[in-house]
Q: 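Can you keep this structure in mind? I'll have questions shortly.
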Amino acid sequence: MRAAGAAAATALLLPLLAAAPSATAAPPRSDTLQRAFADAAERYHVPRSVLLGVSYLESRWDGHRGAPSVTGGYGPMHLTDAATALAEAPHHGHGTEDARGDSARAVRTADAERPAAPAPASLPARLRTLERAAELTGLAADALRRDEAANVRGGAALLAATQRRLGLPLSADPADWYAAVADYSGASDAGTAKVFADDVFTVIRDGERRVTEAGQRVVLDAAPSLTPRTRQLSALGLRRQARDGHVECPWTVACEWIPAPYQDLGDGDYGNHDKGSRPVSQKIDYIVIHDTEATWDTTLKLVQDPKYVSWHYSLRSADGHIAQHLATRDIGWHAGNWYVNAKSVGLEHEGFLAAPDAWYTEAMYRTSARLVRHLAGKYGIPLDRQHILGHDTVPGTLTPAIKGMHTDPGPYWDWAHYFRLLGAPFTRTAGPHGGLVTIRPDYDTHQPLYTGCVKPADACPPHGSGAVRLHTAPSDTAPLVQDIGLRPDGGPSTTGVNDTGARASTGQRYAVAERAGDWTAIWYLGQKAWFRNPAGQPTAVDAAGWVVTPKEGSAEVPVYGRAYPEKEAYPEGVPVQAVSPLPYKLLAGQRYALGLATRGEYLWATTFDPAGHKVVRGAETYYQIQFGHRVAFVKAGDVTVRHSAGW
């Protein structure tokens, strides 16, 4: 856990962190940032690979147009200036609801009065490294925030100053900089600092290259034989903490136990989760990826509120630190769908869906991927988008719930990069006649228009996205496809950042309905949905697999938001749960990618004492399919399963 001063200060950074105005000057040369790293490394006698490695963990070398991160960091080196970030940030309230059973359980929101900006001197040092960088470089604070080359100089100066403070040489050997790199994380405990430094040196050993959002080509050559001097870590004098026996994390991450309360609130109410015995009682099929829509400290306060909802893990943006709140055997109230809750583990990532430049850090992506890989191995969960769900792909249980389903982590979460870190990249698995496509635009260069990040009608800042937009015909001017669950009146889908009605996301697989030039049509919510997919710059790759289609003679098949048992399966004393279809239809001749098969199942857990909980299992089998942006279920008896390449 971080120092109390840092915790209090970070809690002041409320959503949404606004992006800075775009510069109007001519775009810089594509090697400008690479040269800035070289110049700063030479000026401050920091190995260039160390400077590049630290920056990659903080920002993947992006400057984000001078906008602050969720923790008030600026530029490629993530120099922190929390006071300025707070002063620039507009306030947006955020509400949450979740489903324990068959109806939504309204809970308290995280809304708060926006506090006054604190005096910079009152903030802990880790939240004002930009101020220190200004002192060391003589550069103006605004230049350090907005100018990428100046920002890189500031980061180099901080690393060199730490090296001198520790009595270590300004060596040309990257191995001599382990402690300075660990200190750069700002962590107050040795475990978190070590994970950050280890990840930086992994990046240096492996090498990296990418083109940033500003078109800057940056290369870090691999140094596979590099062995950092890890014993230097002790020179930082950081607190060492024995790992709590409750945590279920791999040893390659820093993880602490901050339990969510299990408390009887009286009148038959309790919070904020259910005790369980998974996977003995129920198989865990899913891991659900969320973003917090709150700062780290607010997130921890909420999960410890017995009248709020709960999830299993929270991940901190600045350094990837993990807090576990529930044992994975227990059921969190996080997905808005009780069936999914009962069969999933929930991970909340510090960040804001509609603030593309309050970025998800590489440090957080990496520790999250290691945690997911660990859990997937433990519970036999396949590493694909049918089992690793975004909260935005969890279906509503009933028709009235569809409009209220959450949309995080949203179109700015980089699923392609995340799955590469998981060791399960999305690749072409078939030829052009495979019958399926896997959505996979190039995240950095694919920048569709989104609106509503700050004001409903205003365009969001241009930003990479892993989602493609879907039209009714093969034309950019054709209307967007409709989602009758979101808009029963037949209204059109929009470009809103929270509107999932006409959106397909990286890693999702769909059956091909038609092709026309640079356009591909998929079956989506009972209709053909077209997206631009040119051969020279594809936004999807060909795939093959199993699909479902209505049985011969059936004009349409109902679609469900949960896989509940037939009524005959319920024992006496357990209320029968209605198997109610959603407003969508799977029509004859249409095909949808098959995700998994499962028997109908319902966890009856309405009492504080888990001894009264029961798992009801039916005989009927359901298939999970990729139906729209969200997954859905169909009864096996209603459909035929075929291989996609046979169509």
Side-chain angles (χ1 to χ4, degrees), residues 382-390 393 411 413-448 464-476 478 481 502-549 586-587 589-597 623-632 639-647:
L383 293 174
D384 57 40
R385 287 299 311 275
Q386 292 76 47
H387 297 80
I388 312 301
L389 303 177
T393 66
W413 181 266
D414 191 345
W415 286 106
H417 181 58
Y418 192 56
F419 269 76
R420 284 194 295 270
L421 293 174
L422 284 170
F426 303 122
T427 59
R428 182 183 181 188
T429 59
H433 302 294
L436 296 174
V437 288
T438 301
I439 304 299
R440 197 195 67 182
D442 181 80
Y443 180 90
D444 293 312
T445 60
H446 179 67
Q447 299 187 0
S465 171
V468 299
R469 192 157 286 130
L470 304 171
H471 297 263
T472 57
S475 169
D476 289 317
V481 296
R503 184 184 298 174
S505 181
T506 292
Q508 293 179 325
R509 290 196 309 168
Y510 296 90
V512 176
E514 191 177 346
R515 297 183 192 266
D518 287 343
W519 289 77
T520 298
I522 56 176
W523 292 114
Y524 184 96
L525 296 178
Q527 62 200 303
K528 284 185 181 179
W530 292 87
F531 65 97
R532 183 178 285 278
N533 186 29
Q537 194 174 4
T539 53
V541 293
D542 292 313
W546 299 102
V547 296
V548 303
T549 189
L586 196 167
L587 302 178
Q590 297 182 359
R591 305 176 301 281
Y592 293 87
L594 173 62
L596 59 88
Y623 294 136
Q624 178 190 305
I625 59 173
Q626 188 65 60
F627 189 62
H629 182 70
R630 301 180 189 272
V631 299
V639 298
T640 298
V641 177
R642 297 181 182 177
H643 197 270
S644 61
W647 286 82

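Because only heavy atoms are used, hydrogens play no part in the values below, and waters and symmetry mates are left out as well, while side chains stay in. Position 1 is the first residue of the sequence, and the numbers go up from there.
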Q: Looking only at atom types and distance, does a side-chain atom of T393 sit under 3.5 Å from a main-chain N or O of H629, one as donor and one as acceptor?
A: no

Q: For residues T472 and A478, report the shortest heavy-atom separation together with the two atoms involved.
A: OG1-CB, 3.9 Å

Q: Short question: side chain of H446, backbone of A467 - any donor-acceptor pair under 3.5 Å?
A: yes

Q: Is it the case that the side chain of N533 and the backbone of T539 share a donor-acceptor pair, with hydrogens and angles ignored and the cut-off at 3.5 Å?
A: yes

Q: So how far is it from K528 NZ to L470 CG, rounded to the nearest 0.5 Å?
A: 14.5 Å

Q: Is the CD atom of Q537 crowded by more than 12 outside heavy atoms at less than 6.0 Å?
A: no

Q: Any idea how W519 and H471 line up, ring-wise: parallel (<30°), tilted (30 to 60°), or perpendicular (>60°)?
A: perpendicular

Q: Taking ring-ring contact (aromatic ring centres under 6.0 Å, His included) as the test, write out the residues that go with Y623, two or more places apart.
A: none

Q: In sequence, state the C-alpha distance, the side-chain angles, and the governing distance for V547 and W523, and then conclude on side-chain contact (heavy atoms from CB on, under 4.5 Å).
A: CA-CA 11 Å; V547 296; W523 292 114; over 6 Å; no

Q: Salt bridge (charged side-chain N to carboxylate O under 4.0 Å, His left out) with D414: which residues, sequence neighbours excluded?
A: R60

Q: Keeping Q624 on the side-chain end and L596 on the backbone end, is there a donor-acceptor pair under 3.5 Å?
A: no

Q: Side-chain contact test, heavy atoms from C-beta onward, threshold under 4.5 Å: evaluate it for L586 versus V548 and give yes or no.
A: yes

Q: Which heavy atom of R515 sits nearest to which heavy atom of D542, and what is that distance?
A: NH2-OD1, 3.0 Å

Q: Drop me the distance from R503's CZ to Y524's OH, to the nearest 0.5 angstrom.
A: 8.5 Å

Q: Can you name the closest pair of heavy atoms from L436 and G545 and give their distance?
A: CD1-N, 3.4 Å

Q: Within the side chain of Y510, is there an N or O that forms a donor-acceptor pair under 3.5 Å with the backbone of G628?
A: yes

Q: Donor-acceptor pair, distance only, cut-off 3.5 Å: does the side chain of R469 make one with the backbone of A502?
A: no

Q: In terms of ring plane angle, is the pair W415 and F419 parallel, tilted or perpendicular, where the classes change at 30° and 60°?
A: tilted

Q: Given side chains that start at C-beta, do those of Q626 and V631 come closer than 4.5 Å, heavy atoms only?
A: yes

Q: What distance separates W546 CH2 from H643 NE2, expressed to the nearest 0.5 Å?
A: 5.5 Å

Q: Provide the closest heavy-atom pair for D476 versus R532 in the form atom of the first, atom of the second, distance.
A: OD2-NH2, 2.7 Å

Q: T506 and R385: which non-hydrogen atoms are nearest, and at how many Å?
A: O-NH1, 2.5 Å

Q: Do the ring planes of F627 and Y592 sit parallel (below 30°), tilted (30 to 60°) or perpendicular (above 60°)?
A: tilted

Q: Is the side chain of Q386 donor-acceptor paired with the backbone N or O of L594 at a distance under 3.5 Å, no angle test?
A: no

Q: How far apart are the closest heavy atoms of T438 and A543, and which atoms are they?
A: OG1-CB, 3.7 Å

